[in-house]
Amino acid sequence: MDTLEQRTISKMSWRLLPLLMVCYFIAYLDRVNIGFAGASMSKDLGFTAAVFGSAAGIFFLSYFLCEVPSNLALEKFGARKWIARIMFTWGILSAAQAWVGGATSFNVVRFLLGIAEAGFFPGVIFYITLWFPAAYRARIVGWFMFAIPISTVIGAPISGFILDMDGLGGMHGWQWLFILEALPAVLLTFVVLFYLPDGPQDAKWLSADERAWLDKTLTAERQNRESIHHISWKQTLLNPKVIALGFVYMGITVPLYGLGFFLPQIIKGFGGLSNVQIGFINAFPYLVGAIAMIFWTRGSDRMKERKWFVQIPLLCIVAGLLIAANTSAPVPKMAAVTLAAFGIFSALPTFWTLPTAFLSGTAAAAGIAWINSIGNLGGYIGPTIFGSLKDKMGNDVYAVMFLASLAVVAFLLVLFMRHDSRAEGFEITAQPR
C-alpha cells in the first residue's frame with residue numbers, strides 16, 4: 001500500500017512532468033535546430049563557420065542579460081502566465097528565423113529569441129523546488145531535462161526529413177524547418193494557461209492530507225536550509241559559491257552547445273550521407289545520454305551523493321572530447337562523442353542539486369537564474385570559438401579540445417567546492433525507492 005508521501009510524489013510527477021517535459025522538448029529543439037539548418041543555411045546565405053557560430057551563439061548574450069529579471073517576474077506573476085508568455089514569444093521569433101536574409105538580420109532575430117526564451121529553464125527549476133522535496137530532486141530534474149537528449153533523438157531524424165522539403169513552395173528546407181518546429185510552442189501556450197498550476201496551493205487535485213504533508217515537508221526543508229545558509233536574492237549575485245557554480249555549469253554547457261550546433265556538420269564531413277542519415281547518426285549519442293540521465297540521477301538520490309555524481313561525468317566529457325579531437329575515423333570519433341554525451345547528460349540534472357541545496361525562496365529564483373545565466377554564456381562562447389578555431393585551423397581538432405578544457409575547469413571547481421549535505425535535509429523525507 002502506498003504511503004502518503006509516495007502517493008503525493010506520484011500524483012505531482014504524473015500531473016506536472018509530462019507537460020513540462022513537452023514544453024522543454026519544444027524549447028530545446030527550437031534552440032538547437034539551428035545546428036541542423038546550419039550546413040544548408042550557411043551555403044544559401046554565404047555564412048562562414050565563424051559568422052554562423054557567432055550568430056547562433058548571440059542568442060545566449062541576450063539570454064544572459066534577461067535571465068534574472070525573467071525569473072523574478074515568474075515569481076511575481078506566477079508560473080502559469082509567465083511560462084505561457086515565454087512560449088508564445090519564442091515560438092513567433094523562432095519561426096521568424098526562416099526569413100533572415102543575411103548576417104545582420106540573423107543576429108537580430110537570434111538576439112531577440114534569447115530575450116524571449118530567457119527564464120524558461122531556470123523558471124522551471126525554481127518551480128520544481130516549490131513542489132518536490134530535496135530527496136527526489138535529482139531524478140525529477142533528470143526527467144525534466146530528459147527532454148534535451150530526446151529532442152535530438154526524435155528531432156534529428158524529423159529535421160532531416162524537413163530539410164528534404166527543399167524547394168517546396170519556393171522555400172528552402174531550412175526555412176520549413178524553422179517554421180514547422182516553431183508551431184508547437186505557440187500551440188502549447190494555451191495548454192500551459194489552462195493546465196499548469198502556479199504552486200501547490202492551486203493544486204485542487206491534491207487531497208487535503210497530501211497538501212498538508214507537502215507543505216509541512218517543504219517548510220521544514222526551507223527552515224533547515226536557512227538555518228545553515230541564509231542569503232538574500234541580491235546577495236546571490238555576488239556570492240562566490242553561486243558564481244563558481246555558474247562557471248561549473250558553463251563547463252557543461254560549452255561542450256553541450258558546441259556539439260549541438262556543429263556535430264551535424266562534423267558528421268556531414270564524413271561524406272556520402274543524406275540529411276536523414278546524418279539525423280539518425282547525430283541522434284545516437286543523445287540516445288545514450290538520455291538513458292544515462294535517468295539511471296545516473298536515480299543513483300544520486302539513492303546514495304545521497306551529489307559532488308561525485310557531477311565530477312565523474314565531467315571526467316567522461318574530458319576523455320570523450322580529447323579522444324574525438326585526435327581521431328578522424330567516423331566510428332571511433334562517434335564512440336568518443338558518445339562517451340562525452342554520457343558525461344554531459346549525466347552531469348546536467350545532478351548539477352542542479354548543488355545550488356538548490358542552499359538556496360530558498362526569492363534567493364533561489366535569483367540564484368538559479370544567475371547560475372544559468374553565467375553557464376549559458378557557454379552557449380555563446382562555445383559556438384563562437386568553435387567556429388573561429390575550425391575556420392582558422394581547417395579542422396575541428398583544436399575546437400573540440402577547447403570544449404574539453406572548459407570541462408576540466410568545471411571538474412576542478414567542483415573538486416574544491418564545499419558541499420554541505422545537511423542543508424538538503426534528506427532526513428526530513430523518506431528515502432525514495
S.K.: Not counting sequence neighbours, which residues clear ring pair (Phe, Tyr, Trp, His ring centres under 6.0 Å) with Phe402? List them please.
M.R.: none
S.K.: Tell me every residue that passes ring pair (Phe, Tyr, Trp, His ring centres under 6.0 Å) with Phe351, counting only those two or more places apart in sequence or in another chain.
M.R.: Tyr249
S.K.: Sub-3.5 Å donor-acceptor pair from the side chain of Asn71 to the main-chain atoms of Ala366, do we have one?
M.R.: no
S.K.: Check whether any side-chain heavy atom of Met165 lies under 4.5 Å from a side-chain heavy atom of Ile162, and answer yes or no.
M.R.: yes
S.K.: Applying ring pair (Phe, Tyr, Trp, His ring centres under 6.0 Å), name anything that partners Phe342, two or more places apart in sequence or on another chain.
M.R.: Trp296
S.K.: For side chain to side chain contact (heavy atoms under 4.5 Å, CB included), just list the numbers for Phe106 and Leu45, CA-CA rounded to whole Å, side-chain angles, deciding distance to a tenth of an Å, and then say yes or no.
M.R.: CA-CA 10 Å; Phe106 189 27; Leu45 298 180; over 6 Å; no
S.K.: Can a donor-acceptor pair be found between the side chains of Ser13 and Trp143 at a distance below 3.5 Å?
M.R.: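 Side chains of Ser13 and Trp143: no pair found under 3.5 Å.
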S.K.: Report the residue from Phe59, Phe111, Trp370 that forms a ring pair (Phe, Tyr, Trp, His ring centres under 6.0 Å) with Phe64.
M.R.: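 It is Trp370; the other options fail the test.
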S.K.: Between the main-chain N or O of Ala134 and the side-chain N or O of Glu221, is there a donor-acceptor pair closer than 3.5 Å?
M.R.: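 Answer holds: yes.
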S.K.: For Trp308, I'd like to know if atom CH2 has over 12 heavy atoms of other residues, nucleotides or ligands within 6.0 Å.
M.R.: no
S.K.: Between side-chain atoms of residues 276-283 and protein atoms elsewhere (two or more places apart, or another chain), which donor-acceptor pairs fall under 3.5 Å?
M.R.:
from   : atom 1 : to     : atom 2 : distance (Å)
Gln277 : OE1    : Ser274 : N      : 2.8
Gln277 : OE1    : Ser274 : OG     : 3.4

S.K.: Rounded to the nearest 0.5 Å, what's the gap from CG on Leu377 to CD on Glu67? Could you check?
M.R.: 10.0 Å
S.K.: Which salt bridge (charged side-chain N to carboxylate O under 4.0 Å, His left out) pairs, counting each pair once, include a residue from residues 112-133, with sequence neighbours left out?
M.R.: Arg31-Glu117
S.K.: With no hydrogens and no angle check, is any side-chain donor or acceptor of Thr350 less than 3.5 Å from a backbone partner on Ser346?
M.R.: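 Yes; at least one donor-acceptor contact below 3.5 Å.
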S.K.: Do Ile385 and Val254 touch side chain to side chain, with heavy atoms closer than 4.5 Å?
M.R.: no
S.K.: Using the rule given for ring-ring contact (aromatic ring centres under 6.0 Å, His included), can you reason through Phe146 versus Phe25, listing the C-alpha separation, both sets of side-chain angles and the distance that settles it, and then say yes or no?
M.R.: CA-CA 8 Å; Phe146 187 69; Phe25 172 91; over 10 Å; no
S.K.: Output all residues satisfying ring pair (Phe, Tyr, Trp, His ring centres under 6.0 Å) with Trp176, sequence neighbours left out; order by chain, then residue number.
M.R.: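 Trp176 satisfies ring pair (Phe, Tyr, Trp, His ring centres under 6.0 Å) with no residue once adjacent residues are dropped.
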S.K.: Contact between Val192 and Cys23 at the side-chain level, heavy atoms closer than 4.5 Å - yes or no?
M.R.: yes
S.K.: For the atom pair CZ (Arg298) and CE (Met293), what is the distance rounded to the nearest 0.5 Å?
M.R.: 15.0 Å
S.K.: Please report the closest heavy-atom contact between Ala116 and Ile86, naming both atoms and the distance.
M.R.: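 Looking at all heavy atoms of both residues, the closest pair is O-CG2, 3.4 Å.
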S.K.: Is there side-chain contact between Met417 and Leu245, with at least one heavy-atom pair below 4.5 Å?
M.R.: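 Heavy-atom side-chain distance check passes, below 4.5 Å.
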S.K.: So, for Ala404 and Val318, which heavy atoms are closest and what is the spacing to 0.1 Å?
M.R.: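 Nearest heavy atoms, Ala404 then Val318: O-CG2, 3.9 Å.
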S.K.: May I ask you to check if Arg80 and Tyr195 form a cation-pi contact, with NZ or CZ under 6.0 angstrom from the six-membered ring centre and within 45° of the axis?
M.R.: no
S.K.: Run the ring-centre check on Phe132 versus Tyr136 and record whether the distance is less than 6.0 Å.
M.R.: no
S.K.: How far does CG of Leu187 sit from CE of Met87, to the nearest 0.5 angstrom?
M.R.: 9.5 Å
S.K.: Shortest non-hydrogen contact from Asn372 to Pro122?
M.R.: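 That closest heavy-atom pairing would be ND2-CD, 3.3 Å.
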S.K.: Can you check side chain to side chain contact (heavy atoms under 4.5 Å, CB included) on Leu315 and Ile312, steps first, answer last?
M.R.: CA-CA 5 Å; Leu315 290 177; Ile312 292 172; 5.5 Å; no
S.K.: Where does the angle between the aromatic ring planes of His172 and Trp174 fall among parallel (under 30°), tilted (30 to 60°) and perpendicular (over 60°)?
M.R.: parallel
S.K.: Between atom CG of Leu322 and atom CE of Met401, what is the distance when rounded to the nearest 0.5 Å?
M.R.: 6.0 Å
S.K.: Run the ring-ring contact (aromatic ring centres under 6.0 Å, His included) test on Phe178 and Trp99 for me, step by step, so that the C-alpha distance in whole Å, both residues' side-chain angles and the decisive distance to 0.1 Å come before the verdict.
M.R.: CA-CA 9 Å; Phe178 288 131; Trp99 289 280; 9.6 Å; no
S.K.: Hey, are the side chains of Pro133 and Ile9 touching, using non-hydrogen atoms and a 4.5 Å cut-off?
M.R.: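 Yes; the side chains approach each other to less than 4.5 Å.
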S.K.: Can you tell if the side chain of Val51 reaches within under 4.5 Å of the side chain of Thr48, non-hydrogen atoms only?
M.R.: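 They are in contact (side-chain heavy atoms under 4.5 Å apart), so the answer is yes.
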S.K.: Judged by modelled atom types alone, do Tyr127 and Asp198 share a side-chain donor-acceptor pair under 3.5 Å?
M.R.: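 Judged by distance alone, the side chains do not pair up.
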S.K.: Give, for atom CG of Leu16 and atom CG of Leu130, the distance between the pair rounded to the nearest 0.5 Å.
M.R.: 10.5 Å
S.K.: I'd like to know whether Phe345 forms a side chain to side chain contact (heavy atoms under 4.5 Å, CB included) with Leu256, so could you lay out the CA-CA distance, the side-chain angles of the two residues, the decisive distance to 0.1 Å, and finally the verdict.
M.R.: CA-CA 9 Å; Phe345 292 111; Leu256 171 67; 3.8 Å; yes
S.K.: Determine yes or no for a side-chain-to-main-chain donor-acceptor pair under 3.5 angstrom, with Lys333 supplying the side chain and Ile267 the backbone.
M.R.: no
S.K.: Applying ring-ring contact (aromatic ring centres under 6.0 Å, His included) to Trp352 and Phe121, what does each step give before you reach the verdict?
M.R.: CA-CA 11 Å; Trp352 285 107; Phe121 176 79; 5.5 Å; yes
S.K.: Where the side chain of Lys307 meets the backbone of Val414, is there a donor-acceptor pair that is under 3.5 Å apart?
M.R.: yes
S.K.: Minimum heavy-atom separation for Ile252 and Leu348, please, with both atom names.
M.R.: CG2-CD2, 3.6 Å
S.K.: Using every non-hydrogen atom in the two residues, find where Thr327 and Pro332 come nearest and quote the distance to one decimal.
M.R.: OG1-CB, 3.9 Å
S.K.: Using a distance-only test with no angle check, is there a side-chain donor-acceptor pair under 3.5 angstrom linking Glu181 and Ser94?
M.R.: no
S.K.: Pair Ile374, Phe247 - check side chain to side chain contact (heavy atoms under 4.5 Å, CB included), show working.
M.R.: CA-CA 7 Å; Ile374 297 171; Phe247 284 101; 4.2 Å; yes
S.K.: Between Ala84 and Thr189, what is the shortest heavy-atom contact and its length?
M.R.: O-CG2, 3.4 Å
S.K.: Less than 3.5 Å apart, any donor N or O on the side chain of Arg306 or Ser300 sitting next to an acceptor on the other?
M.R.: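 Yes, side-chain donor-acceptor contact under 3.5 Å.
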S.K.: Taking the side chain as everything from C-beta on, heavy atoms only, tell me whether Leu321 gets closer than 4.5 Å to Pro255.
M.R.: yes
S.K.: Would you say Phe411 has more than 12 foreign heavy atoms packed within less than 6.0 Å of its CZ?
M.R.: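 Yes - once you tally the heavy atoms of other residues, nucleotides and ligands closer than 6.0 Å, there are more than 12.
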S.K.: If I take atom CH2 from residue Trp82 and atom NZ from residue Lys76, how far apart are they, to the nearest 0.5 angstrom?
M.R.: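 Going from the CH2 atom of Trp82 to the NZ atom of Lys76 covers 10.0 Å.
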S.K.: A side-chain contact here means heavy atoms from C-beta on lying under 4.5 Å apart; do Leu177 and Met41 qualify?
M.R.: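 Contact flag for Leu177/Met41 side chains = no.
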